[in-house]
Amino acid sequence: MTMWRTDRLRRPPSPPNDRRVLLFWFFVFALLFAGAQSAQTQGRAVMDTRQYLAHSYMLQGLGREEASRRALDYFCDSVRVRSAQRDSADLAHYREHDDGRTAEREHDDGRTAERECRRTMGERVTRNAGRTDVRGYMALFSDPRMSEIFATRPGYPLYTVPFVRGFGPVVGLWLAALVATVAASGLVVLVLRTLGVCVPLALTGQVLYYALPTGKESMLPQCEGLLLCLLLAAVLGCVRVLRGRVVSGTAIAVLAFAGAAVVKYAQTLLAVAGIAVMTAVLLCVRRLRGDRPVRPERMILLTTAALAVAIQVVVLAYGLPSTKASLQELLSVHYTRSPVDDPGAEFWRLSLAFWREWLRDALAQPLVLLLLGCGAWGAFRHHRPFACLLAGVALAGLANQAGHPEMSVGPRLMVMAMLLPVCGIPLLIESHVRRSAARGRDLAPRPRADRRVPAPASR
């Protein structure tokens, strides 16, 4: 059987004690994270949550209008909770009622925001219920062109069906997000252990996943948490390919990427294309240096390139919303304004303004740039083929943000890029520890063969 070079990815099997320690601390950190997140089970809903929850209700058999109104109830209750929490710590509201009516005012503020939410969105649902161009799993909250984008993402609504049916929308969506987040952190640990990282540093990757924006965005009731989980499963499959387990690794990667495409096909297309591009660059550099291409890396290139082509073919064959529709949705402010005649010029003008402000904020608070830099340094220092996988996913996150230059969304669009520090920083520490240990062994004095050790003096 042909053996393939795997660049230091082979490691001896873990002792049973290491596995028990790993599982113990993994569940300890997961329980601590779950306890911290239980402080806010409601009040996390974003605008996209309405669409996904209505889709989930329709998958359970409810009609379109009933599903939209139930999703509206959840969203407006979340608005009430968030408004009450914000006003409880607002100094302006705090000084308005020094006569002991603070709690009553907070309750009124939350109810006021809830009533306004129900009024505006309820009117929109009623108005759209009579439209004839609403079909499939489109909700009634917005323009049908906007709802169509979410209707083509059945993965997350299908995933939440058992949680919502069993626990209701509030606890169910929170539990669904928690399961996806903990599973993603477990995949981080598996990836790092497959790379030969020691148990403490593999658990460091788990903690980084919880602490960085990946943890916060994964816990929101939207599809990013499930998408990151599936992308990490695909990365684990690619790592198994790099170890020489080509068949099983390729199967895991293909299935995970296919699941991610069902959740969000546009971002999955960017991820597989980014991995294919970075792997192709690596192979070109090695060929220029005269190195012989390695079969596992060629397999990753062929697999991701084929997946990118397949996803694009499916988008074109089924007429799914593409880049043009996404561009119009952005520039028309989610179809609340008239379409733009020349979207290209408007997009570049908006992009220039966005990246100017983004870079200004990043330089003023350079934590994100430092995390990305340290993650890339650690990954490329430890194992370059794996670093190309992470860099491809990170480039996909940057490309996703470049395609949606919108300041109000926050770090959600670029959250895929944060997988680079999540996996790269433990690799940086591991490489530093190994090189320090090797340097210490090299500097240690070696005993001479002809040198006799004097016997201890007798007393």
Side-chain angles (χ1 to χ4, degrees), residues 37 40-82 113-181 217-227 229-230 259-265 318 320-321 329 334-335 412:
Q37 296 300 317
Q40 187 178 15
T41 58
Q42 178 63 304
R44 297 173 182 257
V46 295
M47 299 298 285
D48 296 354
T49 306
R50 308 167 303 165
Q51 306 278 356
Y52 293 125
L53 183 56
H55 194 164
S56 177
Y57 278 130
M58 283 186 272
L59 289 173
Q60 297 176 46
L62 295 181
R64 190 189 321 278
E65 186 172 358
E66 177 66 18
S68 299
R69 294 196 180 278
R70 288 199 183 187
L72 177 64
D73 291 339
Y74 168 82
F75 179 78
C76 291
D77 185 62
S78 180
V79 170
R80 175 189 62 80
V81 173
R82 188 165 58 247
E114 182 185 15
R115 284 194 297 269
E116 181 65 19
C117 172
R118 291 182 182 276
R119 184 186 66 81
T120 56
M121 293 190 182
E123 292 175 355
R124 198 175 302 166
V125 169
T126 303
R127 184 171 61 251
N128 290 332
R131 299 187 61 155
T132 59
D133 54 350
V134 180
R135 60 188 183 278
Y137 290 98
M138 297 183 187
L140 301 173
F141 301 111
S142 55
D143 188 279
R145 292 169 294 180
M146 182 71 179
S147 299
E148 184 183 13
I149 297 175
F150 294 93
T152 56
R153 302 171 182 173
Y156 177 72
L158 185 62
Y159 165 72
T160 60
V161 165
F163 295 96
V164 174
R165 178 176 290 177
F167 301 96
V170 176
V171 178
L173 290 180
W174 180 82
L175 276 177
L178 180 65
V179 170
T181 306
E217 298 299 328
S218 295
M219 283 302 300
L220 294 179
Q222 54 186 358
C223 64
E224 266 64 29
L226 183 59
L227 178 66
C229 182
L230 291 169
V262 176
V263 174
K264 221 172 184 181
Y265 61 86
Y318 287 91
L320 303 179
E329 182 266 332
H334 314 302
Y335 293 112
R412 174 171 65 88

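Position 1 is the first residue of the sequence; numbering continues from there.
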List the residues meeting side-chain contact (heavy atoms from CB on, under 4.5 Å) with Gln60, not counting sequence neighbours, and say none if there are none. Ser56, Tyr57, Val161, Val164, Arg165

Return the set of residues passing side-chain contact (heavy atoms from CB on, under 4.5 Å) with Glu148 (not counting sequence neighbours), or none when no residue passes. Arg135, Met138, Pro321

Closest heavy-atom pair and its distance - [X], [Y]:
X      : Y      : result
Ser218 : Ala177 : O-CB, 3.6 Å
Ser78  : Arg44  : OG-N, 3.4 Å
Arg82  : Gly43  : NH1-O, 3.1 Å
Ala45  : Pro221 : CA-CG, 3.8 Å
Met219 : Trp174 : CE-NE1, 3.6 Å
Cys117 : Leu72  : O-CD1, 4.4 Å

In Å and rounded to the nearest 0.5 Å, what is the [atom1] to [atom2] distance from [X] to [Y]?
X      : Y      : atom1 : atom2 : answer
Glu217 : Glu224 : CD    : CD    : 7.0 Å
Arg70  : Leu53  : CZ    : CG    : 10.0 Å
Glu66  : Arg69  : CD    : CZ    : 8.5 Å
Asp133 : Asn128 : CG    : CG    : 8.5 Å
Cys76  : Arg115 : SG    : CZ    : 12.0 Å
Leu178 : Thr41  : CG    : OG1   : 11.5 Å

May I have the step-by-step check of side-chain contact (heavy atoms from CB on, under 4.5 Å) for Phe163 and Leu173, ending in yes or no? CA-CA 7 Å; Phe163 295 96; Leu173 290 180; over 6 Å; no

What I want to check is whether the side chains of Arg50 and Ser147 have a donor and an acceptor closer together than 3.5 Å. no

Quick one: do Arg153 and Asp48 satisfy salt bridge (Lys or Arg N to Asp or Glu O under 4.0 Å)? Show the steps, please. CA-CA 12 Å; Arg153 302 171 182 173; Asp48 296 354; 5.2 Å; no

Please assess Gln51 against Ser142 for the test side-chain contact (heavy atoms from CB on, under 4.5 Å), listing each intermediate value before the final yes or no. CA-CA 9 Å; Gln51 306 278 356; Ser142 55; 3.2 Å; yes

Main-chain N/O of [Y] paired to [X] side chain as donor or acceptor, under 3.5 Å:
X      : Y      : result
Thr152 : Leu320 : no
Thr126 : Gly122 : yes
Arg64  : Gly136 : yes

With sequence neighbours excluded, give me every ring pair (Phe, Tyr, Trp, His ring centres under 6.0 Å) pair touching residues 136-156. Tyr52-Phe150, Tyr52-Tyr156, His55-Tyr137

Show the numbers, then the answer: is there a side-chain contact (heavy atoms from CB on, under 4.5 Å) between Tyr159 and Val262? CA-CA 11 Å; Tyr159 165 72; Val262 176; over 6 Å; no

Evaluation steps, side-chain contact (heavy atoms from CB on, under 4.5 Å), between Glu329 and Met146: CA-CA 7 Å; Glu329 182 266 332; Met146 182 71 179; 3.5 Å; yes

